[in-house]
Each structure stands twice: as C-alpha cells, then as structure tokens.
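Encoded as structure tokens, the structure appears first; notes follow it.
Since this is a predicted model, take the numbers as computed values, not measurements. Values below: every heavy atom of this structure, side chains too, minus hydrogens, waters and symmetry copies. One-based numbering along the sequence shown.
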Amino acid sequence: MRITNKIIQRNNLSNINTNKIYQDKLSTQMSTQKKINRPSDDPVIAIRALRLRSNVNEITQYYSKNIPDAESWLSVTEAGLKNLSQIMTNMITQCTKGSNGPLKSSDRQIILEELRGLGDEVYSTGDADYAGRYVFTGFRTDTPLSFMKEEKGLKYTITEQLDNTAIDSVTKVKTGNLLDINSSNYNDPAMAGIDEKDVDSVECYRIRLAYNNCLEDGTNVKIEYTDSSQNPPVKVTWPGNGVNITTKHSYEDPYTEAANDDDAVIYVPETGELLLGKNRYGELMGTKDQDSSPENEAEIRVTYEKSDWLKGDLRPEHYFYCTSQDMNDPQAKPVTYNENYLDVKAERQVIEYDVGFNQTIQVNSTADECFQHNVGREVDDIVNAMQDVLDLESVKAKIEEIMKSFDTDKEGAANAADIATLNKQLDAVNKALTYAKEKEQKLFEKGITTFQKHLDDANLCITDCGTRSRKLSLIKNRMENQKTTFDTLKSDNEDVDITEVAINLNSAELTYNAALMATGKVTQSTLINYI
C-alpha cells in the first residue's frame, strides 16, 4: 500500500491531538486535584465516589452536629439534676435540724425561710433550657415547666393516676379562737371562755392532690378505681355506687368530720385534699394489681379542676392527662394533653438523637422523674406546721406579757378574774403547742424520708444521665475513627497524586513538543524534492 504524505499528515495530526487530549486531562487533574471531572471519565470511580461522599456526609452530620448537640443537652440536664440533688440534700439537712430537739422561735423561723426558699428553687431549676428549648418538658420544649406569670381563668381538668401509696394520714390541731387573743380582747366574752377543752388534735386519712386552691365545685371531683375483691374485678366510680363526695372548706373543720364519719369522702379545695373515712380508706387501700391482667388494677384516678395559677406553679400538661380551656375567651376551644397516658402501655416523651448508623441515644429526663409535685407539697405541709407553732408561740408571748403587766398593777385583787382567764388561756395555748410541736416533729421526720426518696430519684437520674454521656463519648470516638477512615477512602478514590500528575504532565508536554518537531520535519519533504 502506498503511503502518501497526506496519510502521514493525518496520522501525525491524530497522534498530536491524542497527546493534547491526554495533556488536557492531566492539566485538569492538576487544577482540580480530582481523578475525574465527569462520571463518564470513569464510571466505577464515580459510583464509588457517590457512595463514599454519602457516608462521609452522614458521619459528618453525626460527628459535627448531632453528637455535640446531644452532649450539650446532656450537660445542661446533668447540671440541673445536680442542682436538684443539692437542694434535696439541703432540705434533708433542715429537716434533720428540726427533728433533733426543741427549737427556739428564731431557729424555727430560719428553718422555715430556708425550706420556703429551697421549695421555690426546686421548680426554678426545672425550667432549665438549652438553646431556648426546655430540657425537662418532654416533647413540649417550647413550654416552660412552670407558669412564668399569674394566670386567671385558665381552667384545667386534671386526671391524676395514683395508687394506694398516695394515701397517708394528716393531723389537724383544733385551736378555735385561740390565735385571735390579744391584749385588747382577751377578756371579751368570746375569748374569756377559752380553755383546754377547746383544744384538740384529730387525725384522718387523705389523698393529697398535686395542687391546692382548686375549684370549689366538688361535683366535678371524681375518683375511679378497681375493686379487686370482686371476681372478676369491678370498676368503681365516686360519686356513685352509694358514695358521695362533699365539699368542705378548711374553716369548716372537715378533718374532724372525716375522722368521725367512717364513710366520708370530703374534698377540701383550698388545700387540695381528699379526706377519707376509715371505710373509704380501706376500700382504696385494697386496690392491687392483678398479674394475670394487662391492666393496672392498682391505679386510682382522681379528676378535679383548677383555674387560678400562681407564678411558679407546675404546668399540668407536663405530668397528667388533662384538658385546658381559657375561660376569658368565649371562642377558645378545649385543648387535650397526654390522652395516651391513660393507656397502661403508654410511653413517656423521650427525646432521642441519631448519633450513629442506626444508633440513637436518649438525651432528656422528664419532669415526672425528678421534679415531682410531692416536693413542694411536702414543703408546704412542714412550713404550715412550723407557722402554726410560731403563731401559737406568739399568742403565748402575748398572754405572758399581759400577765406581767398585772404584776406591777397595784390593784391586783381587782384583776384576779383576768388573771384566772389568762391562766386558762395559757393552759390552752400550752396544750395546743404540745400538739402542734408533736405534729411538727412528725412532719420533720417524715420529711427526711420523703426528701431522701426524692434525692434518690434525682441521683438515679444523674446516674442515667452520666451513663448516657459515657456511652455518647464512646460513640463519638468511634465516629471520629470512622470519619477519618471514610475521608481517607474518599480521598484515595477521588483525589490524584499531585507529584505523579505533575511528572506525567511534564512528560506529556515534552512528548507533545517532540511530536510537533517530528511532524514539522516530515511535512517538509515531498515528491517534488526528488524530481
């Protein structure tokens, strides 16, 4: 076959172009530092790159965003729980001081103020937040644990799910008009007749609700439980089944009525108490869970209403099945919260973060685990008992001051009747003080046990939080190693070796230049040169 100059030229141009394409490829790799510029350059590398990039992005999300967020949430939670633990420890210390022996009025006043301050601080701690999200309120991270201001007319219908451990006893010291005695009225007919017979102490059973100052309409109070003595167990509702719930105010002496009426069920709206006679107490204490049934027969449900809220009161939607309605807005519709809580198998509001491939970790502790209503209610009981003692001591001091004034009175015989009256009143005060101090002592001792239980709950939450933090630390280390591994694999798959590319590019340039020189010499020779 004859090889013409045209063929030589075409072959040279084709080879030069191929070399130029190769040089362009190396130049592109040099500038982008990537092996391929488009999927068609190498489909295998392209597919592998998509997979590795997806893995790197996912690990980066876990390592750089989710894990730090989870660490911060756990850190804020743990700090709040440790503060709660310290508060509980201080409460136990104050109760121990109060139970160790007789207290002076000044000591009692100090303990009272300490307990009040600690009680307020408990729920303030529960309002801790992370980046504007409240950490102890479950899914409602935009709603604080407690009311930030006073609310009037926001009516909640609350259903508390209790058991018979919520039933305890309460002592009430009856003082009559004793606390009203002063220097100007001690010898008035209404006061002059006061003596020891007017002072008494009664004890009855009660269910202490989560809130006090509830709505006064006792017809809206309902108790539901399962009578386990029947076969099969029977659902019982009060009012109903021959039982009425009557409303009595605290000034109407409902405690004596409950102590004397075995069938009584009395609702006291001011204190948020349901007082029980012996028979009703026995019925509720008889509730127990049947292992053979999926239901919880030991549960006692109490439904009641409350509409006036003070700053610092715990919001019911974080604890109970409840409905709320703004009574100040006629167009407002009721809002229902936590309806699933009535289900035995209902799960609480757990917040989890994705921190690894198919791996999550819980970051929150819910308020019902640690910031419980019983803390504040127990503090209220102790503070009220201490205040009763302080009030009686104040009355006693007033009577003794009046009696001292008679010592310097020249007409002592004329004051004999007054002195006799004051002695009877003083005897009544001393008797009331004996009862009140005995009640105070019992509440201090009970408070040590109660606050210790809450301290144990707080420490358990701290332990759980610490366990999650340690687990998260291990996951973080593993994610860091995986991120390094996948970054290396991604780089090996996509990135070029700059040194090798630079050498190849220089070689391609030399080859290109040599090809141009050779082609120039070949194209200079033609058939005419030999004619």
Side-chain angles (χ1 to χ4, degrees), residues 53-85 122-123 125-146 161 294 296 314-322 335-373 454 456-486:
R53 285 185 181 186
S54 177
N55 289 334
V56 169
N57 289 337
E58 193 170 355
I59 291 176
T60 302
Q61 174 68 26
Y62 294 144
Y63 181 75
S64 301
K65 178 63 177 175
N66 292 18
I67 290 178
D69 275 358
E71 286 178 327
S72 299
W73 191 296
L74 286 169
S75 178
V76 172
T77 301
E78 187 172 7
L81 290 172
K82 286 182 177 179
N83 191 36
L84 174 64
S85 176
V122 168
Y123 301 132
T125 300
D127 283 318
D129 70 286
Y130 163 63
R133 295 177 293 171
Y134 296 97
V135 299
F136 294 107
T137 57
F139 298 153
R140 299 183 186 86
T141 56
D142 60 339
T143 306
L145 183 66
S146 59
Q161 295 169 261
N296 181 14
L314 295 175
R315 301 185 71 97
E317 60 262 38
H318 299 311
Y319 294 88
F320 310 114
Y321 163 65
C322 58
V335 180
T336 301
Y337 301 97
N338 308 320
E339 192 169 4
N340 65 318
Y341 280 17
L342 300 180
D343 185 354
V344 177
K345 299 180 180 179
E347 295 183 357
R348 296 302 180 180
Q349 297 176 353
V350 173
I351 296 176
E352 294 182 328
Y353 270 69
D354 289 328
V355 292
F357 295 107
N358 298 320
Q359 191 168 20
T360 61
I361 191 168
Q362 179 181 341
V363 297
N364 72 320
S365 296
T366 53
D368 56 358
E369 294 179 293
C370 41
F371 297 95
Q372 299 169 13
H373 292 79
H454 291 302
D456 293 341
D457 291 340
N459 287 337
L460 179 60
C461 289
I462 292 173
T463 301
D464 289 342
C465 192
T467 301
R468 295 167 194 156
S469 296
R470 287 190 291 273
K471 178 181 178 182
L472 185 61
S473 179
L474 294 174
I475 294 172
K476 182 180 180 180
N477 291 336
R478 187 170 69 251
M479 284 294 108
E480 183 177 15
N481 293 334
Q482 288 184 350
K483 186 175 185 300
T484 301
T485 299
F486 277 99

How many angstroms lie between atom [atom1] of [X] and atom [atom2] of [Y], to the nearest 0.5 angstrom?
X	Y	atom1	atom2	result
Thr137	Tyr319	OG1	OH	10.0 Å
Tyr134	Arg140	OH	CZ	15.0 Å
Ser54	Ile59	OG	CD1	9.5 Å
Asp354	Ile67	CG	CD1	11.0 Å
Phe357	Met479	CZ	CE	6.0 Å
Asn364	Cys465	CG	SG	9.5 Å

Review point. If you measure from the Lys or Arg side-chain nitrogens to the Asp or Glu carboxylate oxygens, is any gap between Glu78 and Lys82 under 4.0 Å?
Key: yes
For [X] and [Y], which heavy atoms make the closest approach, and how far apart are they?
X	Y	value
Gly80	Thr125	O-CG2, 3.2 Å
Tyr123	Leu145	O-CD2, 4.5 Å
Gly132	Asp129	N-OD2, 3.3 Å
Ser146	Asp127	OG-OD2, 2.6 Å
Thr141	Trp73	CG2-CH2, 3.9 Å
Pro68	Ser64	CG-O, 3.5 Å

Check your understanding: So Ile475 and Tyr62, side-chain contact (heavy atoms from CB on, under 4.5 Å) or not? Walk me through it.
Key -> CA-CA 10 Å; Ile475 294 172; Tyr62 294 144; over 6 Å; no
Study note, to complete from the structure: Across all chains, not counting sequence neighbours, the salt bridge (Lys or Arg N to Asp or Glu O under 4.0 Å) partners of Arg53 are Glu494
Check your understanding: Would Tyr353 and Leu472 count as a side-chain contact (heavy atoms from CB on, under 4.5 Å) if you check the C-alpha gap in whole Å, the side-chain angles of each, and the deciding distance to 0.1 Å?
Key -> CA-CA 10 Å; Tyr353 270 69; Leu472 185 61; over 6 Å; no
Review point. Got more than 12 heavy atoms from elsewhere within 6.0 Å of CD, Glu339?
Key: no
Review point. Less than 4.5 Å apart, any side-chain heavy atom of His318 and any of Thr143?
Key: yes
Check your understanding: Is Leu81 close to Phe136 at the side-chain level, that is, under 4.5 Å between some pair of heavy atoms?
Key -> yes
Check your understanding: For the side chain of Ser75 and the backbone of Glu71, is there at least one donor-acceptor N/O pair under 3.5 Å apart?
Key -> no
**Study point:** Val76: side-chain contact (heavy atoms from CB on, under 4.5 Å) partners, not counting sequence neighbours
**Key:** Ala128, Tyr130, Val135
Review point. Between Arg468 and Val363, does a side-chain contact (heavy atoms from CB on, under 4.5 Å) hold up when you go through it step by step?
Key: CA-CA 7 Å; Arg468 295 167 194 156; Val363 297; over 6 Å; no
Check your understanding: Out of Leu84, Asp457, Thr77, which one pairs with Cys370 under the side-chain contact (heavy atoms from CB on, under 4.5 Å) rule?
Key -> Leu84
Practice item. Take Phe320 and His373, measure what ring pair (Phe, Tyr, Trp, His ring centres under 6.0 Å) needs, and give me the verdict at the end. Key: CA-CA 11 Å; Phe320 310 114; His373 292 79; 5.3 Å; yes
Practice item. Check the pair Asp464, Gln362 against side-chain contact (heavy atoms from CB on, under 4.5 Å), reporting the backbone distance first and the verdict last. Key: CA-CA 10 Å; Asp464 289 342; Gln362 179 181 341; over 6 Å; no
